[in-house]
Every structure is written in structure tokens, then in C-alpha cells.
Amino acid sequence: MRRIELLLNNPLYQEYMNYNEIEEAEPKFCRHDISHHIDVARIAYILVLEQNDLNFFIKESNLSGRLAAKEVIYAAGLLHDIGKWKEYRTGIDHSSFGAKLARDILPQVFFNPNEVEIIARAIYEHRNLSMDMSFLGERIYRADNLARICINCIYRKDCPKLEKQEINTSTFEY
Ligand SMILES: [Fe+2]
């Protein structure tokens with residue numbers, strides 16, 4: 001996963017992740033740190049493997065093979081909330097802004113234009129479930145919800161996401 005190592009070490013990626021950390025220095029409901037991003041990457045990959053969907057994804061997305069597909073899934077997970085800091089600062093939606101940031105970063109770590117499109121679209125789509133979302137967008141959306149362990153969270157009773165049922169804590173089923 002050479003390109004994922006390059007992504008994690010990319011100066012722009014690290015700069016934006018650092019902005020997320022700065023904006024979440026005060027207690028907030030959910031953190032959008034590196035742990036959350038790694039959780040979402042791993043869970044999204046598990047969801048694809050569990051459903052035996054990796055070959056389908058490779059073919060549907062015109063990817064070069066299993067390694068490329070794994071790197072695309074991981075890159076989407078690792079980048080999906082990269083624009084969260086901007087939402088705190090300006091109110092702009094973090095999924096559309098994050099997709100824009102991902103388009104700048106991904107070519108620097110050798111993702112090709114087709115792969116950049118697939119990843120950026122998934123980031124753009126990851127906030128809401130919809131009928132016409134992409135394969136990867138849906139997996140990132142589900143992984144994002146499954147990644148939150150709310151059961152012991154001290155902010156549970158005040159959490160707006162739990163209130164709106166955006167997070168599913170009752171089951172680990174896909
Ligand atoms: Fe997230």
C-alpha cells in the first residue's frame with residue numbers, strides 16, 4: 001500500500017488533519033482525527049470484502065486490480081473528513097470541500113484521474129444515503145456510521161447526530 005503510505009506522509013494531508021485537530025481542541029461531540037479516518041478506511045474495506053464485492057468494484061470502476069482497489073477504498077476512508085475544519089470555520093459543507101481538497105492531494109501521491117474521480121465522488125457523497133450514490137460512496141457512508149462507538153460516549157445524551165439517528169448504535173450489521 002505504497003500510495004497510502006505516501007498519502008499519510010503527504011504535507012497537505014498532514015496540514016489539513018492538523019487543522020481538524022486544532023478546531024477540535026475544545027470538547028466536541030465526534031472527533032475527526034486520524035483514528036476515525038483509519039477506522040472508516042478499515043471498515044469500508046471489510047464491508048466490501050464481506051459482501052465479496054471487490055472484483056465487482058474493480059470491474060465497475062475500471063481499476064487495475066485488487067491492490068489498486070484496496071488503495072482507492074483506503075484513500076477514500078482516510079480523506080473523507082479532511083475538510084471538516086473548514087466547516088467549523090465557515091459553515092461550508094465538509095463533504096464538498098473535502099472532495100475538492102482530495103482532488104489536490106491524490107495526484108501528488110500517484111492516484112490516476114479515474115481513481116481521483118471515484119474517491120472524490122465518494123467523499124462528496126458520504127454524508128447522506130441516497131438512491132443514486134456510487135458504490136464507494138455508500139460504503140464510506142456506512143463505515144462512517146459504524147465507526148462511531150457511541151455506547152460509552154459522555155456526550156451521548158446531547159449528541160445531535162444520535163438524536164437525528166444519523167448514527168446506528170444498535171447493531172454492527174451491515
Ligand atoms: Fe467521518
Side-chain angles (χ1 to χ4, degrees), residues 1 4 7-8 10 12-50 57 70-106 109 111 115-116 118-130 133-156 158-174:
M1 296 250 280
I4 297 303
L7 173 61
L8 290 169
N10 178 269
L12 267 184
Y13 181 73
Q14 292 181 344
E15 182 181 337
Y16 299 141
M17 289 300 288
N18 191 41
Y19 291 163
N20 275 2
E21 199 176 318
I22 290 166
E23 294 302 320
E24 294 179 337
E26 295 296 314
K28 291 254 176 30
F29 297 114
C30 285
R31 294 200 180 275
H32 301 80
D33 55 9
I34 189 67
S35 296
H36 172 63
H37 283 83
I38 290 174
D39 285 346
V40 171
R42 286 175 169 156
I43 294 168
Y45 188 57
I46 288 168
L47 292 175
V48 174
L49 295 184
E50 264 187 355
F57 180 51
K70 186 176 182 183
E71 287 181 323
V72 165
I73 295 164
Y74 266 72
L78 290 171
L79 283 158
H80 80 281
D81 282 331
I82 195 72
K84 190 70 186 177
W85 55 276
K86 190 76 167 182
E87 188 170 298
Y88 290 128
R89 291 182 189 179
T90 68
I92 192 173
D93 175 64
H94 79 274
S95 52
S96 55
F97 187 70
K100 193 164 105 56
L101 297 183
R103 286 181 199 279
D104 294 336
I105 296 170
L106 287 164
V109 296
F111 284 89
E115 293 168 327
V116 173
I118 295 161
I119 297 163
R121 181 174 172 189
I123 295 167
Y124 180 80
E125 293 172 330
H126 88 271
R127 262 191 114 167
N128 301 302
L129 199 56
S130 71
M133 71 200 304
S134 66
F135 175 91
L136 187 56
E138 187 192 347
R139 273 63 188 180
I140 296 296
Y141 168 84
R142 294 193 187 281
D144 198 17
N145 285 344
L146 290 164
R148 295 299 187 188
I149 304 168
C150 310
I151 205 87
N152 290 328
C153 180
I154 58 170
Y155 302 111
R156 189 184 165 89
D158 300 317
C159 179
K161 286 191 168 186
L162 265 177
E163 201 175 290
K164 283 194 280 171
Q165 303 262 305
E166 284 176 25
I167 296 176
N168 182 355
T169 55
S170 63
T171 176
F172 289 102
E173 295 296 318
Y174 172 47

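We're numbering straight along the sequence, starting at 1. For ligands, and for the atoms within them, numbers begin at 1 and follow the listed sequence. A quick note: this is a predicted structure, and the numbers were derived from the prediction, not measured.
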Which atom, among the N/O/S set of Asp144, is closest to the Fe ion (ligand 1)?
-> OD1
Atom pair CG (Leu47) and CD (Glu138), whose distance is rounded to the nearest 0.5 Å = 9.0 Å
Any cation-pi pair here, Arg89 with Tyr19, using under 6.0 Å and within 45°?
-> yes
The Fe ion (ligand 1) -> Asp81, closest N, O or S atom is OD2
Just say parallel, tilted or perpendicular for the rings of His32 and Tyr88, cut-offs at 30° and 60°.
-> perpendicular
Does His36 bring an N, O or S atom to within less than 2.8 Å of the Fe ion (ligand 1)?
-> yes
N, O or S atom of His37 closer to the Fe ion (ligand 1) than 2.8 Å | no
In Å and rounded to the nearest 0.5 Å, what is the CD to NE2 distance from Glu125 to His80?
-> 14.0 Å
